[in-house]
*Asks:* 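Structure provided below as structure tokens; questions to follow.
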Amino acid sequence: MFLDIKGQVTPACSRSHISYSFHLEEPVSRLIIRFSYSPKRLEDEEQSQRLIMQSIDKYTAAEHREYAKAKWTAYLPLQNLITVSMDDPERHRGAGHRHDPEQVLTISEREASPGLVSGPLPAGWWRLTLSLHAIVTETCSYELQIEEGEGEGS
């Protein structure tokens, strides 16, 4: 296993990135990236309403605020969103900007999960970046594992 990480983030981490580097001693034929986070949704409707109203005040033109606030439930449910991107020692290998809170992504020379780029998996320092687009719950826990896979399949 190249990485085995457990972490926790808060709303203060929204709109930021966390990068993890790992080293491949020699080229491999396939990488498997397992990533999950929870909770996905903010279940507290009162807290959701408070966050939605704050966002409407901040991002909506004054002449549209009253209408937006009257329709605040249209923005439910509020959800955490963390996405994954990958760089090898030579180039960017893509991004999996998915809303799924549980993901298994693969990269091999011939195939890759959608959003990622297939090709040789060279030795050297690789970097996986978590983009924390929105963290709306008090805390959000995540797990990340990267390991070598067998064969060429994706």
Side-chain angles (χ1 to χ4, degrees), residues 1-24 30-108 111-119 121 124-147 149 153-154:
M1 183 140 334
F2 300 113
L3 277 180
D4 187 9
I5 305 287
K6 291 182 181 183
Q8 191 172 70
V9 292
T10 67
C13 302
S14 290
R15 297 176 307 280
S16 69
H17 305 279
I18 301 171
S19 291
Y20 294 101
S21 295
F22 62 98
H23 192 261
L24 298 182
R30 183 176 178 209
L31 287 175
I32 301 171
I33 301 115
R34 297 182 201 301
F35 175 65
S36 63
Y37 62 94
S38 69
K40 177 63 178 170
R41 294 180 175 193
L42 176 58
E43 299 295 342
D44 183 334
E45 190 171 294
E46 187 176 307
Q47 178 66 12
S48 294
Q49 182 180 18
R50 190 168 31 258
L51 291 172
I52 291 166
M53 294 301 179
Q54 288 171 356
S55 294
I56 290 170
D57 286 339
K58 186 174 183 177
Y59 298 111
T60 304
E63 63 271 18
H64 301 293
R65 285 186 193 137
E66 186 177 324
Y67 176 80
K69 286 182 176 183
K71 304 283 187 183
W72 74 271
T73 57
Y75 299 101
L76 294 175
L78 294 185
Q79 300 182 58
N80 292 323
L81 178 59
I82 304 174
T83 61
V84 175
S85 62
M86 180 76 81
D87 296 280
D88 73 20
E90 301 166 7
R91 64 185 173 133
H92 181 62
R93 293 302 288 265
H97 283 175
R98 296 163 173 76
H99 287 263
D100 299 332
E102 294 184 19
Q103 303 174 33
V104 178
L105 308 170
T106 61
I107 303 175
S108 73
E111 299 178 309
S113 296
L116 300 177
V117 179
S118 61
L121 306 177
W125 283 101
W126 287 63
R127 184 177 68 235
L128 181 136
T129 300
L130 300 177
S131 296
L132 287 66
H133 300 275
I135 305 300
V136 295
T137 56
E138 187 174 318
T139 61
C140 180
S141 299
Y142 65 89
E143 293 186 22
L144 169 66
Q145 293 90 32
I146 301 176
E147 61 188 345
S154 175

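Worth saying up front: this structure is predicted, and the values here are computed from it rather than measured. Excluded from the calculations below are hydrogen atoms, water molecules and symmetry mates; all remaining heavy atoms, backbone and side chain alike, are included. If you read the sequence from its start, that first residue is 1, and numbering goes on from there.
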*Asks:* Tell me, with the steps shown, if Leu130 and Val9 meet side chain to side chain contact (heavy atoms under 4.5 Å, CB included).
*Replies:* CA-CA 11 Å; Leu130 300 177; Val9 292; over 6 Å; no

*Asks:* Verify, without hydrogens or angle tests, whether Arg93 (side chain) and Gly119 (backbone) share a donor-acceptor contact under 3.5 angstrom.
*Replies:* yes

*Asks:* Identify the two heavy atoms, one from Val117 and one from Arg91, that lie closest to each other, and give their separation to 0.1 Å.
*Replies:* CG1-NH1, 3.7 Å

*Asks:* For Arg65 and Thr60, indicate whether the former's side chain and the latter's backbone hold a donor-acceptor pair under 3.5 Å.
*Replies:* yes

*Asks:* Can you give me the closest heavy-atom contact between Cys140 and Asn80, atom names plus distance?
*Replies:*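 Heavy atoms only, the tightest pair is SG-ND2, 3.6 Å.
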
*Asks:* Count the heavy atoms belonging to other residues, nucleotides or ligands that lie under 6.0 Å from CD of Glu66, then report whether that count exceeds 12.
*Replies:* no

*Asks:* Hey, could you give me the OH/CD1 distance between Tyr75 and Ile56, rounded to the nearest 0.5 Å?
*Replies:* 5.0 Å

*Asks:* In the structure I gave you, are the side-chain heavy atoms of Leu31 and Phe22 within less than 4.5 Å of one another anywhere?
*Replies:* yes

*Asks:* Are the side chain of Asp100 and the backbone of Glu102 linked by a donor-acceptor contact shorter than 3.5 Å?
*Replies:* no

*Asks:* Classify the angle between the aromatic ring planes of His133 and His97 as parallel (below 30°), tilted (30 to 60°) or perpendicular (above 60°).
*Replies:* perpendicular

*Asks:* Arg127 side chain to Asp87 main-chain N or O, any donor-acceptor pair under 3.5 Å?
*Replies:* no

*Asks:* Could you go through Asp88 and Leu121, starting from their C-alpha distance and side-chain angles, then the distance that decides it, and tell me whether this counts as side chain to side chain contact (heavy atoms under 4.5 Å, CB included)?
*Replies:* CA-CA 8 Å; Asp88 73 20; Leu121 306 177; over 6 Å; no

*Asks:* Please give me the minimum heavy-atom distance between Trp72 and Leu76, naming the atom from each residue.
*Replies:* CZ3-CD1, 3.8 Å

*Asks:* Look at atom OH of Tyr20 and say whether more than 12 heavy atoms of other residues, nucleotides or ligands are closer to it than 6.0 Å.
*Replies:* yes

*Asks:* Nearest 0.5 angstrom please: Arg15 CZ to Ile135 CD1, how far?
*Replies:* 10.5 Å

*Asks:* Do Pro89 and Trp126 have side chains that approach each other closer than 4.5 Å (heavy atoms only, starting at C-beta)?
*Replies:*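 The answer is yes; the side chains approach within 4.5 Å.
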
*Asks:* Between Ile33 and Leu3, is any pair of side-chain heavy atoms under 4.5 Å apart?
*Replies:* no

*Asks:* Could you walk me through whether Arg34 and Ile32 pass the side chain to side chain contact (heavy atoms under 4.5 Å, CB included) check?
*Replies:* CA-CA 6 Å; Arg34 297 182 201 301; Ile32 301 171; 3.7 Å; yes

*Asks:* Run the side chain to side chain contact (heavy atoms under 4.5 Å, CB included) test on Thr106 and Leu116 for me, step by step, so that the C-alpha distance in whole Å, both residues' side-chain angles and the decisive distance to 0.1 Å come before the verdict.
*Replies:* CA-CA 8 Å; Thr106 61; Leu116 300 177; over 6 Å; no

*Asks:* Just wondering, more than 12 heavy atoms not from Glu46 lying within 6.0 Å of its CD?
*Replies:* no

*Asks:* Check whether any side-chain heavy atom of Leu105 lies under 4.5 Å from a side-chain heavy atom of Phe35, and answer yes or no.
*Replies:* no

*Asks:* Within the distance-only criterion (no hydrogens, no angle test), does the side chain of Lys40 pair as donor or acceptor with the backbone N or O of His99 below 3.5 angstrom?
*Replies:*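 Yes, the answer is positive, given that a donor and an acceptor are paired below the 3.5 Å cut-off.
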
*Asks:* Can you name the closest pair of heavy atoms from Thr137 and Thr139 and give their distance?
*Replies:*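 Taking Thr137 first and Thr139 second, the nearest heavy atoms are OG1-O, 2.7 Å.
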
*Asks:* CD of Glu45: more than 12 outside heavy atoms within 6.0 angstrom?
*Replies:*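 No.
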
*Asks:* Around atom CD of Glu138, are there more than 12 heavy atoms of other residues, nucleotides or ligands at under 6.0 Å?
*Replies:*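 For Glu138, atom CD is not crowded (no more than 12 foreign heavy atoms under 6.0 Å).
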
*Asks:* Can you tell if the side chain of Leu144 reaches within under 4.5 Å of the side chain of Tyr37, non-hydrogen atoms only?
*Replies:*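 Heavy-atom side-chain distance check fails, nothing below 4.5 Å.
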
*Asks:* How about Ser118 and Glu111: does a side-chain donor come under 3.5 Å of a side-chain acceptor?
*Replies:* no

*Asks:* Provide the closest heavy-atom pair for Thr83 versus Arg98 in the form atom of the first, atom of the second, distance.
*Replies:* CG2-O, 3.9 Å

*Asks:* Search all heavy atoms of Thr129 against all heavy atoms of Ser19 and return the closest pair with its distance.
*Replies:*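 Minimum heavy-atom separation between Thr129 and Ser19: OG1-OG, 3.0 Å.
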
*Asks:* For the residue pair Leu132 and Ser14, establish whether any side-chain heavy-atom pair is separated by less than 4.5 Å.
*Replies:* no

*Asks:* With a sphere of 6.0 Å drawn around NZ of Lys69, does it hold more than 12 non-hydrogen atoms of other residues, nucleotides or ligands?
*Replies:*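 Correct, the count exceeds 12.
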
